[in-house]
Amino acid sequence: MPFDHNDHYHRWLLRTARRLSGPGPALDVGCGTGAFARRLAAAGYTVEGIDPSPEVIAAARAATAGPNPRFREADITTAALPRDHYAVITALASLHHVPFETVTKLRDALAPGGTLLILGCAPDRTALDHAYGLVSVPLNAAARLACWLRDRATGRRPPPKPPVTDPTIPLPVIRRRAAELLPGARVRRRLFWRHTLVYRRPSEPAPTLTSPVS
């Protein structure tokens, strides 16, 4: 019964990207089979998707007609990224596979005024985490059943899934680290065991404070 928790947030992510940063170069980190990269491309972005799994990159290329988006097999921790370049960078349930400090590499790759959009995963640790999980359980069951009925009626086969790693950094730590590394970032808890992080790089550098001359 395939119901993809990441796909559920595609429309919100796309609306947020278009509201904060107009079309331009975009990077989808951990792109999987390319579903969201293709949505970005359809919205007018020139998209590059990267993922370390050769199987899902092959599936992404096979499912994509035309040169946009383009895909490459790469590990975000070692891949070379241009500085000050991307209008939008997205990472959907992929950054918990790498050190959180990787966000600084993505931050530096944003053009001035560019937006970083993260749909993240975190372990349930607090009472509020568990409360959101309890609310998500019946909604998840209903959505899974709806997807199963749709796929049975249409003959649709779900795409291959990339390797899964359990998240280890709880949301309070993510909030604290985001405040340190991405000043002004907004982190929000979501249903279906997800959270969102939105960071917009300032259009101009912050002014340098100088001491008054006595």
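As a basis for the values below, the full set of heavy atoms in this structure was taken, side chains included, without hydrogen atoms, waters or symmetry mates. This chain uses plain numbering: 1 for the first residue, then up along the sequence.
Closest approach of A26 and Y86 over heavy atoms only: C-CD2, 3.7 Å. Across every non-hydrogen atom of R200 and G113, the tightest pair is NE-O, 3.2 Å. Across L197 and A185, no two heavy atoms sit closer than the pair CD2-CB, 4.1 Å. Taking each heavy atom of P112 and S203 in turn, the nearest pair found is CB-O, 3.4 Å. Residues A37 and F71 come closest through the heavy atom pair CB-CE2, 4.0 Å. Considering every non-hydrogen atom in both L110 and A87, the closest pair reads CD2-O, 4.4 Å.
Looking at heavy atoms from C-beta onward, T90 lies in side-chain contact with L40 at the 4.5 angstrom threshold. Annotation: side chain of T104 is not in contact with side chain of L182 (no heavy-atom distance under 4.5 Å). No side-chain heavy atom of I89 sits under 4.5 Å from any side-chain heavy atom of L81. In this structure, V88 and V47 have side chains that are not in contact, with every pair of non-hydrogen atoms separated by 4.5 Å or more. Residues P69 and D28 have side chains not in contact (no heavy-atom distance under 4.5 Å, counting atoms from C-beta outward).
In this structure, K105 contributes its side chain and A79 its backbone to a donor-acceptor pair below 3.5 Å. The main-chain N or O of P99 is found under 3.5 Å from a side-chain atom of T102 such that the two form a donor-acceptor pair. Using a distance-only test at 3.5 Å, with no hydrogens or angles considered, a donor-acceptor pair links the side chain of Y45 to the main chain of A17.
Of the N and O atoms on the side chains of T196 and R190, at least one donor lies less than 3.5 Å from an acceptor on the other residue. Checking S53 against D51 by side-chain atom types alone, no donor-acceptor pair falls below 3.5 Å.
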Going by atom type alone, with no hydrogens or angles, which donor-acceptor pairs under 3.5 Å involve a side-chain atom of residues 115-123 and a protein atom two or more places apart or on another chain?
| from | atom 1 | to | atom 2 | distance (Å) |
| --- | --- | --- | --- | --- |
| T115 | OG1 | S21 | OG | 2.7 |

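One finds the OH atom of Y199 at 10.0 Å from the CG atom of L181 (value rounded to the nearest 0.5 Å). To the nearest 0.5 Å, atoms CZ (R15) and NE2 (H10) are separated by 13.0 Å. Interatomic distance, E180 CD to R176 CZ, rounded to the nearest 0.5 Å: 6.5 Å.
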Steps toward side chain to side chain contact (heavy atoms under 4.5 Å, CB included) verdict (V187, L171): CA-CA 9 Å; V187 180; L171 193 56; 3.8 Å; yes
Under the side chain to side chain contact (heavy atoms under 4.5 Å, CB included) rule, what do H195 and I174 come out as? Steps first, then yes or no, please. CA-CA 10 Å; H195 63 269; I174 291 172; 3.6 Å; yes
Stepwise, does the side chain to side chain donor-acceptor pair (under 3.5 Å) test hold for N68 with T46? CA-CA 6 Å; N68 186 31; T46 303; 4.8 Å; no
What's the verdict on side chain to side chain contact (heavy atoms under 4.5 Å, CB included) for R70 and R61, showing C-alpha distance, side-chain angles and the deciding distance? CA-CA 8 Å; R70 61 188 177 91; R61 289 170 175 162; over 6 Å; no
Check the pair R194, R189 against side chain to side chain contact (heavy atoms under 4.5 Å, CB included), reporting the backbone distance first and the verdict last. CA-CA 7 Å; R194 295 292 186 269; R189 183 184 279 105; over 6 Å; no
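Note on F36: it does not cluster hydrophobically with I57, by side-chain heavy-atom contacts below 4.5 Å among ILVMFWY residues.
A salt bridge is absent between D108 and R201; no separation between the charged side-chain nitrogens and carboxylate oxygens falls under 4.0 Å.
The environment of R18 atom CZ is sparse: at most 12 non-hydrogen atoms of other residues, nucleotides or ligands sit within 6.0 angstrom.
Contacts of R107 classified as side chain to side chain donor-acceptor pair (under 3.5 Å), with partners at least two apart in sequence or in another chain: none. Residues satisfying the salt bridge (charged side-chain N to carboxylate O under 4.0 Å, His left out) criterion with R72, sequence neighbours excluded, are E48.
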